[in-house]
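In what follows, every chain begins at residue 1, and chains take the letters A, B, ... in the order their sequences are listed.
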There are 2 protein chains.
Amino acid sequence: MTILAMYKDDWHTSTDIAKSLNTNPVLVRKEIANLKKGNLIESKEGKHGGIRLLKNANKIYLSDIFLLAKGDEHVLSLSNNTPAPTCRVGKQINKNLKVVLKNIDNSIIESLKDQTLESFKNQF
Amino acid sequence: MTILAMYKDDWHTSTDIAKSLNTNPVLVRKEIANLKKGNLIESKEGKHGGIRLLKNANKIYLSDIFLLAKGDEHVLSLSNNTPAPTCRVGKQINKNLKVVLKNIDNSIIESLKDQTLESFKNQF
DNA sequence: AAAACTGTAACAATTATTATTACAATATAA
DNA sequence: TTATATTGTAATAATAATTGTTACAGTTTT
């Protein structure tokens, strides 16, 4: 997103972005799918295609990016193991932990609302 | 920690706690090691040993537990892949992301300061 | 028609997490 | 003083999650 903000009129290929991240183009395209759902970026297929920002970087908050990257999961998650339903604590722990996990997500989101992609980009 | 707070005078074995969590005692003991470093709990070896709270639950904040469980890592972490040092963004991205990651940690800690183990326990 | 892209599925490889086994050290109790 | 029940910790195995790769259909430009 920093690269897209810095060169905002260019179409960037997943291959070029993957090179900066030192990863592979398919992973980039998968992440692009999320960001497109939130209308932060647009993509163009075909020769000379690629992706670019759909909104001005000063209208994109880090929280917007975070929310799309995060998806439906909490940042911190419950154990995969089912706590003992025979235990007074075990049988209610997940219900009570979920409230905490949701608060954690919200506090992250609030803190990321303090910065735009534009201001992040301007540090480079 | 909820179990320890609920039955605060008993010595709880790692085996019993593992049963509630539906995991194994060794994992519990490893986590206990962290919590002991922070002086939240004490443990006793030998027959009739176990662990119990070292402080009153109304003096233990969820942030205290979180900090010990978290260790030195950020909650969200950088990629293991080294970004391209030849890229204007890649060569500085980690430095700039670290500030964001630190802010995220801090916002979680602040939000967890709002609740004590005592109040968490009282929901059960 | 050729070339250079995205999108996506299937699968492989790697890494991280969780579980298990084993046992030394310790403390209690018979 | 011996048997028993515990923590602490290391080593390793098993499982799960993440990341990477290959393949190719569909799209757009030249």
Side chain proximity check, B:L97 to B:L78, heavy atoms < 4.5 angstrom: yes

State, yes or no, whether a side-chain contact exists between A:T116 and A:I60 at a heavy-atom distance under 4.5 Å. no

Rounded off to whole Å, could you give me the CD1-to-C1' distance for the A:I51 and C:dG7 pair? 13 Å

I'd like a table of donor-acceptor pairs (distance under 3.5 Å, sequence neighbours excluded) in which one partner is a side-chain atom from residues 1-20 of chain B, with atom names and distances.
{"residue": "B:H12", "atom": "NE2", "partner": "B:Y7", "partner atom": "O", "Å": "2.9"}
{"residue": "B:T13", "atom": "OG1", "partner": "B:D16", "partner atom": "N", "Å": "3.1"}
{"residue": "B:S14", "atom": "OG", "partner": "B:R29", "partner atom": "NE", "Å": "3.0"}

Do A:E42 and A:R52 sit within salt-bridge range, that is, some charged N less than 4.0 Å from a carboxylate O? yes

Under the side-chain contact (heavy atoms from CB on, under 4.5 Å) test, residues paired with A:A84 that sit two or more places apart: A:T86, A:C87

Under 4.0 angstrom, heavy atoms only, what part of the nucleic acid is B:I32 near: base, sugar-phosphate, or nothing? sugar-phosphate

Under 4.0 Å, heavy atom to any atom of DNA chain D: which of residues 66-73 of chain B qualify? none

Under 4.0 Å from any heavy atom of chain B: name the first and the last nucleotide of DNA chain D that qualifies, 5' to 3'. D:dT4 to D:dG20

Would you jot down, in residue-number order, the residues of residues 1-21 of chain A having a non-hydrogen atom under 4.0 Å from DNA chain D? none

Whole-Å distance, A:H48 NE2 to C:dA4 P, equals 8 Å

If you round to the nearest 0.5 Å, how far is CD1 of A:I104 from CD1 of B:I104? 12.5 Å

Salt bridge between A:K113 and A:D64, side-chain N to carboxylate O under 4.0 Å? no

Summarise protein proximity over nucleotides 17-25 of chain C in one line of letters, 5' to 3': B for base, S for sugar-phosphate only, - for none, counting protein heavy atoms closer than 4.0 Å. -SBBB---B

Mind checking whether A:F66 and A:I109 have side chains closer than 4.5 Å, heavy atoms only? yes

So do the side chains of B:S79 and A:L21 get within less than 4.5 Å of each other, counting heavy atoms only? no

